[in-house]
Amino acid sequence: QVQLVESGGGLVQPGGSLRLSCAASGRIFSINAMGWYRQAPGKQRELVASITSGGSTNYADSVKGQFTISRDNAKNTVYLQMNSLKPEDTAVYYCNAVIRGWLEPRFRDYWGQGTQVTVSS
């Protein structure tokens with residue numbers, strides 16, 4: 001009933017930029033925090049950045065000053081602007097949102113399907 005749909009991944013050269021988008025849809029009562037995680041081959045999934053409903057942000061040390069997270073509450077959408085991309089940023093990027101659906105008693109985690117980001121020359 002609640003879905004997260006990501007877009008914006010792809011292949012980019014080192015130093016390039018990409019913007020990821022994630023839109024939440026369905027029977028949504030309220031959205032709390034939203035964020036982006038990534039998982040590189042052979043590694044655990046890690047938090048990249050998160051943003052609260054009030055706009056407070058949190059970043060992994062490895063992306064501070066390089067990535068920017070933002071959200072449009074009216075569109076139930078979170079964005080990740082990625083600049084100065086490096087080969088080590090290559091991973092599958094997953095959108096996460098803490099959502100309370102209609103008729104649900106509490107908030108819970110929802111995940112997108114993942115979008116591949118490859119940084120290579």
Side-chain angles (χ1 to χ4, degrees):
Q1 293 182 347
V2 173
Q3 282 188 316
L4 299 182
V5 178
E6 299 144 341
S7 61
L11 173 65
V12 64
Q13 292 187 342
S17 297
L18 282 176
R19 189 192 194 208
L20 305 183
S21 300
C22 172
S25 63
R27 298 170 62 84
I28 296 171
F29 179 76
S30 181
I31 302 178
N32 197 342
M34 304 183 82
W36 291 93
Y37 288 71
R38 67 185 179 186
Q39 187 166 19
K43 295 187 176 181
Q44 289 190 329
R45 189 175 298 190
E46 62 175 0
L47 173 68
V48 176
S50 63
I51 184 168
T52 67
S53 57
S56 296
T57 58
N58 179 53
Y59 295 92
D61 287 343
S62 58
V63 305
K64 284 181 180 176
Q66 182 189 358
F67 292 2
T68 302
I69 190 170
S70 61
R71 66 190 281 176
D72 185 333
N73 291 332
K75 295 182 179 179
N76 292 337
T77 299
V78 62
Y79 306 95
L80 186 68
Q81 178 67 43
M82 304 185 293
N83 298 328
S84 304
L85 283 161
K86 311 166 190 173
E88 51 263 43
D89 295 316
T90 295
V92 178
Y93 284 71
Y94 295 92
C95 175
N96 169 264
V98 182
I99 297 174
R100 181 181 172 188
W102 285 104
L103 303 180
E104 291 187 352
R106 60 186 63 86
F107 288 88
R108 67 181 183 96
D109 278 313
Y110 287 87
W111 292 90
Q113 78 283 1
T115 185
Q116 177 70 47
V117 171
T118 302
V119 184
S120 175
S121 55

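These figures come from a predicted structure and were not determined experimentally.
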*To the nearest 0.5 Å, what is the distance between CG (Leu80) and OH (Tyr59)?*
7.5 Å
*Answer yes or no on whether Arg45 is positioned over the face of Tyr37, meaning its NZ or CZ is under 6.0 Å from the six-membered ring centre and within 45° of the axis.*
no
*Give a yes or no on whether Tyr79 and Val117 share a hydrophobic cluster (residues Ile, Leu, Val, Met, Phe, Trp, Tyr; joining criterion: side-chain heavy atoms under 4.5 Å apart).*
no
*asked:* Please check: side-chain N/O of Trp102 versus main-chain N/O of Ile28, any donor-acceptor pairing under 3.5 Å?
replied: yes
*asked:* According to a hydrophobic-cluster definition based on side-chain heavy atoms being under 4.5 Å apart (Ile, Leu, Val, Met, Phe, Trp, Tyr only), do Val12 and Trp36 belong together?
replied: yes
*Please confirm whether the backbone N or O of Gly101 pairs with a side-chain atom of Glu104, one donor and one acceptor, at under 3.5 Å?*
yes
*Roughly how far, to the nearest 0.5 Å, is CD of Gln81 from CD of Gln66?*
11.0 Å
*Residues Leu18, Val119; criterion side chain to side chain contact (heavy atoms under 4.5 Å, CB included); working and verdict*: CA-CA 10 Å; Leu18 282 176; Val119 184; over 6 Å; no
*Walk me through it: do Asp89 and Lys86 pass the test salt bridge (Lys or Arg N to Asp or Glu O under 4.0 Å)?*
CA-CA 5 Å; Asp89 295 316; Lys86 311 166 190 173; 5.7 Å; no
_Face-on cation placement of Arg38 at Tyr94 ring, 6.0 Å and 45° thresholds_ = no
*Is the backbone N or O of Gly114 less than 3.5 Å from a side-chain atom of Glu6, with the two atoms forming a donor-acceptor pair by type?*
yes
_Check: Ser120 main-chain N/O paired with Gln13 side-chain donor or acceptor under 3.5 Å_ = no
*Could you tell me which residues satisfy side-chain contact (heavy atoms from CB on, under 4.5 Å) with Asn58, sequence neighbours excluded, listed by chain and number?*
Leu47, Ser50
*Looking only at heavy atoms, which two atoms of Ser121 and Pro14 are closest? And how far apart?*
N-CD, 3.7 Å
*Please answer whether the main-chain N or O of Ser53 pairs with a side-chain N or O of Asn73 as donor and acceptor at a distance below 3.5 Å.*
yes
*Is it true that Val92 and Leu20 fall in one hydrophobic cluster, defined by side-chain heavy atoms closer than 4.5 Å?*
no
*Starting at CE of Met34, measure out to SG of Cys22 and round the result to the nearest 0.5 Å.*
5.0 Å
_Looking only at the side chains, is there a donor atom on one of Glu88 and Thr90 sitting less than 3.5 Å from an acceptor on the other?_
no
*Do the side-chain N and O atoms of Ser17 and Asn83 include a donor-acceptor pair separated by under 3.5 angstrom?*
yes
*Can you tell me if CD on Gln3 sees more than 12 non-hydrogen neighbours from other groups inside 6.0 Å?*
no
_Among Asn76, Ile31, Thr77, which residue satisfies the side chain to side chain contact (heavy atoms under 4.5 Å, CB included) criterion with Arg71?_
Ile31
*Between Leu85 and Phe67, is a side chain to side chain contact (heavy atoms under 4.5 Å, CB included) present by the stated rule, with each step listed?*
CA-CA 9 Å; Leu85 283 161; Phe67 292 2; 3.8 Å; yes
*asked:* Could you report the tightest heavy-atom contact between Gly35 and Ile69, atom names first, then the distance?
replied: CA-CD1, 4.0 Å
*Could you grab the distance from atom CG of Asn96 to atom CH2 of Trp111, nearest 0.5 Å is fine?*
4.0 Å
*Search all heavy atoms of Tyr93 against all heavy atoms of Val48 and return the closest pair with its distance.*
CE2-CG2, 4.2 Å
